[in-house]
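Could you have a look at this structure, given as structure tokens, before my questions?
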Amino acid sequence: MSAPLFLVESLPTADRLTLDGPEGHHAATVQRLRVGEELLLADGRGGTAAAVVTAVGRGTLDLEITSRGYVDASVPRLVVVQGIAKGDRGELAVQAMTEVGVDEIVPWAAARSVTQWRGDRGVRAREKWAATAREAAKQARRAWLPVVAGTPDESTARVARRIGGAAAAFVLHEEAQERLTTVELPAAGEIVLVVGPEGGIADSELDTFTGAGARAVRLGPSVLRTSTAGVAALAVLATRLARW
């Protein structure tokens with residue numbers, strides 16, 4: 001089994017470190033790491049450090065740094081505009097998309113989104129998505145922490161502007177003729193992938209996005225849930241871009 005990963009604000013410059021706070025508690029109390037066991041530290045921005053446990057305290061670990069490294073950011077960047085979903089479906093999507101390699105997630109207030117993120121509720125909901133992405137990144141041993149960007153309820157107009165500046169953009173749509181498995185992909189820049197909410201993408205939204213430069217694509221004959229469509233599409237892109 002690979003060494004567990006813990007996220008820190010900044011990597012230590014010295015050869016010794018005490019891991020405390022929530023990460024120290026999780027490592028010492030929940031995962032019960034012991035003296036001699038190895039772990040990884042990451043700053044979420046590509047920097048990593050391997051360490052070995054030298055002492056265990058109450059919710060803390062004393063560590064000795066054994067090596068340092070850096071993981072380059074993936075190119076092109078994969079950005080998913082995720083239609084806001086009801087219940088925990090959005091969090092399920094964020095978790096799985098993080099595990100398969102998304103670089104940025106933008107919550108989108110689609111016309112058919114049942115749940116509305118407004119005011120304090122929207123701030124709390126986006127923070128929950130960010131926390132979900134953080135935990136999933138640790139589980140997946142990712143050196144780069146995905147960004148949960150945009151306003152809590154990014155508008156269709158703002159998403160269209162993001163599409164206009166991307167190297168390529170694709171809207172998952174069940175009636176599209178082109179397949180994501182065969183469309184041309186850029187070698188650099190940003191690929192924006194739009195995933196609708198439970199009720200799908202409205203015709204007017206599709207027109208707005210294609211007018212901004214996006215292409216409607218499908219994955220296959222099945223209609224996937226909003227919580228799984230982005231994950232499946234990212235798997236296709238990761239394979240085609242040789243990330244996997």
Inset, instruction - Could you tell me the separation between the CG atom of Asp43 and the CG atom of Leu7, rounded to the nearest 0.5 Å? - result: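 With rounding to 0.5 Å, CG (Asp43) is 8.5 Å from CG (Leu7).
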
Legend entry - Nearest non-hydrogen partners of Trp144 and Val71, listed with the distance: NE1-O, 2.7 Å

Inset, instruction - Rounded to the nearest 0.5 Å, what's the gap from CD1 on Ile201 to CZ on Phe209? Could you check? - result: 6.5 Å

Legend entry - Heavy-atom donor-acceptor pair, Arg112 side chain to Gly199 backbone, under 3.5 Å: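 Indeed, once roles are kept as given, a pair shorter than 3.5 Å links the two residues.
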
Would you list the atom pairs, donor with acceptor, under 3.5 Å between side chains in residues 78-93 and any protein atom, with sequence neighbours excluded?
residue: Gln82; atom: NE2; partner: Thr226; partner atom: O; Å: 3.4
residue: Gln82; atom: NE2; partner: Thr226; partner atom: OG1; Å: 2.7

Legend entry - Val183, Thr182, Leu180 screened by side-chain contact (heavy atoms from CB on, under 4.5 Å) with Arg240, the one that passes: Val183

Inset, instruction - Assess whether ring pair (Phe, Tyr, Trp, His ring centres under 6.0 Å) is satisfied between Trp129 and Trp117, documenting all intermediate values. - result: CA-CA 12 Å; Trp129 277 26; Trp117 285 8; 4.8 Å; yes

Legend entry - Partner set under salt bridge (Lys or Arg N to Asp or Glu O under 4.0 Å) for Asp62, not counting sequence neighbours: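 Scan of Asp62 (salt bridge (Lys or Arg N to Asp or Glu O under 4.0 Å), adjacent residues dropped) gives none.
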
Inset, instruction - Measure across Ala160 and Ala212 and return the closest heavy-atom pair with its distance rounded to 0.1 Å. - result: O-CB, 3.5 Å

Legend entry - Closest non-hydrogen atom pair between Arg141 and Pro4, with its separation: NE-CA, 3.9 Å

Legend entry - Co-membership, hydrophobic cluster, residues Val217 and Leu224, 4.5 Å side-chain: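 Per the 4.5 Å side-chain linkage, Val217 and Leu224 are co-clustered.
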
Inset, instruction - May I ask you to test the His173-Arg218 pair for a side-chain heavy-atom distance under 4.5 Å? - result: no

Legend entry - Whether Asp20 side chain and Gly24 backbone form a donor-acceptor pair below 3.5 Å: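 A pair under 3.5 Å: no.
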
Legend entry - Step-by-step salt bridge (Lys or Arg N to Asp or Glu O under 4.0 Å) determination, Glu135 to Lys138: CA-CA 5 Å; Glu135 292 307 309; Lys138 290 165 57 178; 3.6 Å; yes

Legend entry - Non-hydrogen atoms of Ala49 and Ile65 that approach each other most closely: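 The pair with the smallest heavy-atom distance is CB-CG2, 4.2 Å.
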
Inset, instruction - Give a yes or no answer on whether the side chain of Ser155 reaches the backbone of Arg158 with a donor-acceptor pair at less than 3.5 Å. - result: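 Indeed, once roles are kept as given, a pair shorter than 3.5 Å links the two residues.
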
Inset, instruction - Verify the distance criterion only: is there a donor paired with an acceptor across the side chains of Arg68 and Thr48 at less than 3.5 Å? - result: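 Absent: no donor and acceptor within the cut-off.
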
Inset, instruction - Tell me, yes or no, whether the heavy-atom count around Arg58 atom CZ, taken from other residues, nucleotides or ligands under 6.0 Å, exceeds 12. - result: no

Legend entry - Heavy-atom neighbours of Arg225 CZ exceed 12 at 6.0 Å: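 At most 12 heavy atoms, drawn from other residues, nucleotides or ligands, come within 6.0 Å of this atom.
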
Inset, instruction - Assess whether atom CD of Glu38 is packed by more than 12 heavy atoms of other residues, nucleotides or ligands within 6.0 Å. - result: no

Distance-only check: which donor-acceptor pairs under 3.5 Å involve side-chain atoms of residues 163-171, not counting sequence neighbours?
none

Inset, instruction - Please report the closest heavy-atom contact between Pro76 and Pro186, naming both atoms and the distance. - result: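 Pro76 and Pro186 have their closest heavy atoms at CG-O, 3.7 Å.
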
Legend entry - Interatomic spacing from OG1 in Thr208 to CZ in Arg161 - rounded to 0.5 Å: 11.5 Å

Legend entry - The single option from Thr239, Val102, Thr98 passing side-chain contact (heavy atoms from CB on, under 4.5 Å) against Leu234: Val102

Legend entry - Greater than 12 external heavy atoms within 6.0 Å of Asp203's CG: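 Not more than 12 within 6.0 Å, no.
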
Legend entry - Glu37 to Arg34 - nearest heavy-atom pair and separation: OE2-N, 2.6 Å

